[in-house]
Amino acid sequence: MKIWFNNYDKPGPGIERNPVVRKGAGGFWDIFKREWWQLVKLNWVFLLGCVPLVTIPASITAMCWVLTTMADDRPRFLWHDFWRVFRRDFRRSLLLGWLWLLGCAVAGIAVWFYASMARSRPLLWAPAAAMLALFAELLVMSFDLFPMLANISLGIRRYIQNAFCLSFIHAKTNLILLLILIPLFTVLLLTFPYSALFLFAIGFSLCGLAIVYGVHAPIRKYVFETQEKHPDRSD
Amino acid sequence: MAKLEIGHLCAEYQIKKRGRPVQNVRALNDFSLQIEDGELIVITGPSGCGKTTLLRAIAGLQEYSGCIRADGADLASVPAYRRNFSMVFQESNLYPHLTAFENMAFGLQNQKLPREEIVTRIEAAAKTLDIEYLLNRRPKRMSLGQRQRVALGRAVVRNPDVLLLDEPFSNLDAPLRAELCRALLDLHSKYGTTTVFVTHEQAEAIQLGDRIAVMRQGRLEEADTPDRLLRFPRNVFVASFFGQPELQPVRCRLEKSGETYSLRFQNGGQAAFCPDSERLSGYIGKEVLFGIRPDDILELPNGRGNMTGVAALVENRANRYYVHVQIGGDTLIAASMSGLRLGRGSEVSLHADLSRVMLFDAGTGECILHGAGNCV
């Protein structure tokens, strides 16, 4: 039987007390190897949390909290912690989430509007490009917004300010994330409905992990640590 | 925490061949012992003496007759899962698909404790056992020592009334074992749980035990502090089982002339002494067993000892030489000053500290004298 199953009595090589934590893609791969089954379960819990639609922002926030514990290599009770954060941050996630969605919708519609008008009036390419930049900025701000919502308690305005500043502070990371996520979602759209299998299995949590893994270190450095040093700065 | 009273405990198990019972083995035979609340007691004895069966009976995993009481309540009708006892085995038996954190949380989740309390308890135990860095890891990659630490953590986070440890460190190498013993002592001082620790390692027993219980053939031979077991063993079995290097009894005849007693050995040697005990009068002219700890009898190169014998073997134990000396048909172990210079078969002179001598009844093995008084 041991041909097919692991011999669990056999001792392992031992786990280092202070292992060298790899950075970049290597570190991401280590987390994925360690937590892939948790990611699958998290994906299902996340989808369950999204069912009433209005709860999508709270579900994203709760998922970000669980993903932060994965990035930090901390233990967790996936189900319990997900719903705890879901309930705890429901109201502000709802508010900020729909504000963000509204912003994206306005920017998206504006891009479409100016772009269609610009065919007859070339000067309108300028506002179209500005709206596109705004749309991209809102998209990038969301990378920081939800992990911040899950991990730190601030005023609404402070969340937006921080997300805006952070989007420029770690612009390189954001660019890499965009370069990964935009082609990935394009492929997923093109291969729909087959790609639904991937999304249903692990897609959302895996993309979420990529984002949280990328933005968590700057958030910790510029928001958490500053907050610890100057707690009076929250609104 | 609980006070355990074990009275007249008897237990049997069946040896089976091809699924059929072929032999009944009596593993516990009228075993009685009282374990105080918060005590760390070590059960030791030779292989097959019933140590593990005793633990299994306390845990409720073994049928028995007699009684086991926890804080006065008889456990006979209490099934294992209702006894608030934790047990750690030789193998860590961790769930391979769960992380260390989840393994430790498993029992607490079944008790329906609030998650915050579960996390607090696990973090406290992990800090004491120094396994915080393992909490998010699965057992597959852990070394044996790390697994045993997690298993210990899993046992103590439940805040059990009694912690039962069945040779939990026997698979580990000596330094790691000593390290885990220290961790266990830390845990015990922090939680104060009544702990029953089974081992056949004397170093472990001495390091850990408030008291040590020595078993033989399902019976309790003696339970006492490590110091008293070494100095004042109840019988020749305890004296020779407990202590490193081991005490080896030598047959001799007890004689008396005037107020002075003397021991006449089979090789004609004689050692005279003045005991304080009156018990010896019944043994005059009879054969008794002479016992002395190897560190209390010294081989002297200058021949000025109070006993003689023939060197049979010299061994080095932890940078100290011991010589096995033939005295008649028996062998006695003594600390050696000459070391490897002693040749096999050479005559050696021994100086015994007679205040540390023990005499045992040759028939029953019971101790009749601790310390032979002044040497004459």
Side-chain angles (χ1 to χ4, degrees), chain A residues 1-22 27-42 45 62 65-88 151 205 209 212-213 216, chain B residues 89-106 108-110 112-123 125-127 129-151 153-154 157 169-173 175-176 179:
Chain A
M1 290 297 277
K2 287 185 178 161
I3 297 169
W4 308 108
F5 297 105
N6 285 322
N7 178 5
Y8 294 113
D9 294 335
K10 193 179 155 193
I15 293 164
E16 283 181 60
R17 181 182 299 275
N18 297 309
V20 179
V21 181
R22 292 203 286 173
F28 180 78
W29 174 243
D30 287 343
I31 297 172
F32 178 75
K33 265 197 307 186
R34 196 173 62 228
E35 307 278 7
W36 69 270
W37 180 240
Q38 294 281 311
L39 285 170
V40 171
K41 287 197 280 188
L42 177 62
V45 180
W65 191 91
V66 177
L67 291 170
T68 308
T69 64
M70 289 182 190
D72 278 349
D73 197 9
R74 279 187 282 135
R76 74 209 72 89
F77 295 108
L78 195 146
W79 177 266
H80 172 264
D81 287 339
F82 182 92
W83 294 113
R84 181 177 58 81
V85 177
F86 183 93
R87 282 194 299 271
R88 187 191 68 190
N151 287 294
S205 57
L209 180 65
V212 169
Y213 178 73
H216 182 56
Chain B
F89 300 89
Q90 199 168 331
E91 308 288 340
S92 57
N93 295 333
L94 298 174
Y95 298 113
H97 63 295
L98 300 180
T99 61
F101 180 84
E102 289 161 343
N103 265 289
M104 289 166 79
F106 190 82
L108 303 178
Q109 284 174 299
N110 284 347
K112 310 257 187 261
L113 287 181
R115 303 297 161 128
E116 290 71 24
E117 176 157 3
I118 293 176
V119 173
T120 311
R121 281 198 200 182
I122 292 174
E123 281 175 353
K127 198 173 178 186
L129 283 164
D130 194 19
I131 51 169
E132 286 158 304
Y133 68 105
L134 297 176
L135 286 180
N136 205 26
R137 296 286 183 275
R138 290 197 174 78
K140 191 182 173 188
R141 289 191 63 79
M142 290 181 198
S143 64
L144 279 174
Q146 288 171 334
R147 287 183 189 182
Q148 280 310 85
R149 276 177 192 266
V150 176
R154 181 175 62 175
V157 288
F169 310 144
S170 59
N171 285 341
L172 311 178
D173 54 32
L176 196 55
E179 199 182 308

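Proteins come first, then strands; the chains are lettered A, B, ... in the order of their sequence lines, and each starts at number 1.
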(request) Please flag which part of A:Arg84 lies under 4.5 Å from any non-hydrogen atom of chain B: side chain, backbone, both or neither. (result) side chain
(request) With a 4.5 angstrom heavy-atom cut-off, could you sort out which part of B:Leu144 is near chain A: side chain, backbone, both or neither? (result) both
(request) Specify the closest pair of heavy atoms between B:Asn136 and A:Arg74, including all atoms of both residues, with the distance to one decimal. (result) ND2-O, 3.7 Å
(request) Please state whether the side chain, the backbone, both or neither of B:Gln109 comes within less than 4.5 Å of a heavy atom of chain A. (result) side chain
(request) Against chain A, label B:Arg141 side chain, backbone, both or neither, depending on which of its atoms sit under 4.5 Å from a heavy atom there. (result) both
(request) State plainly whether the residues B:Arg115 and A:Asp81 are in salt-bridge range, i.e. N to O under 4.0 Å. (result) no
(message) Only heavy atoms, only distances under 4.5 angstrom. Which residues in residues 96-103 of chain B are near chain A?
(response) B:Pro96, B:Phe101, B:Glu102
(message) For B:Glu116, which atoms come within 4.5 Å of any heavy atom of chain A: side chain, backbone, both, or neither?
(response) side chain
(message) If I compare all heavy atoms of A:Asp73 with all of B:Arg137, which pair ends up nearest, and what's the gap?
(response) OD2-NH2, 2.7 Å
(message) Which atoms of A:Glu35 are under 4.5 Å from chain B, going by heavy atoms: the side chain, the backbone, both sets, or neither?
(response) side chain
(message) Heavy-atom pairs under 4.5 Å with chain A: which of B:Asp130, B:Ile118, B:Ile131 has the most?
(response) B:Asp130
(request) Of all the heavy-atom pairs spanning A:Ile15 and B:Tyr133, show the shortest one and how long it is. (result) O-CE1, 3.4 Å
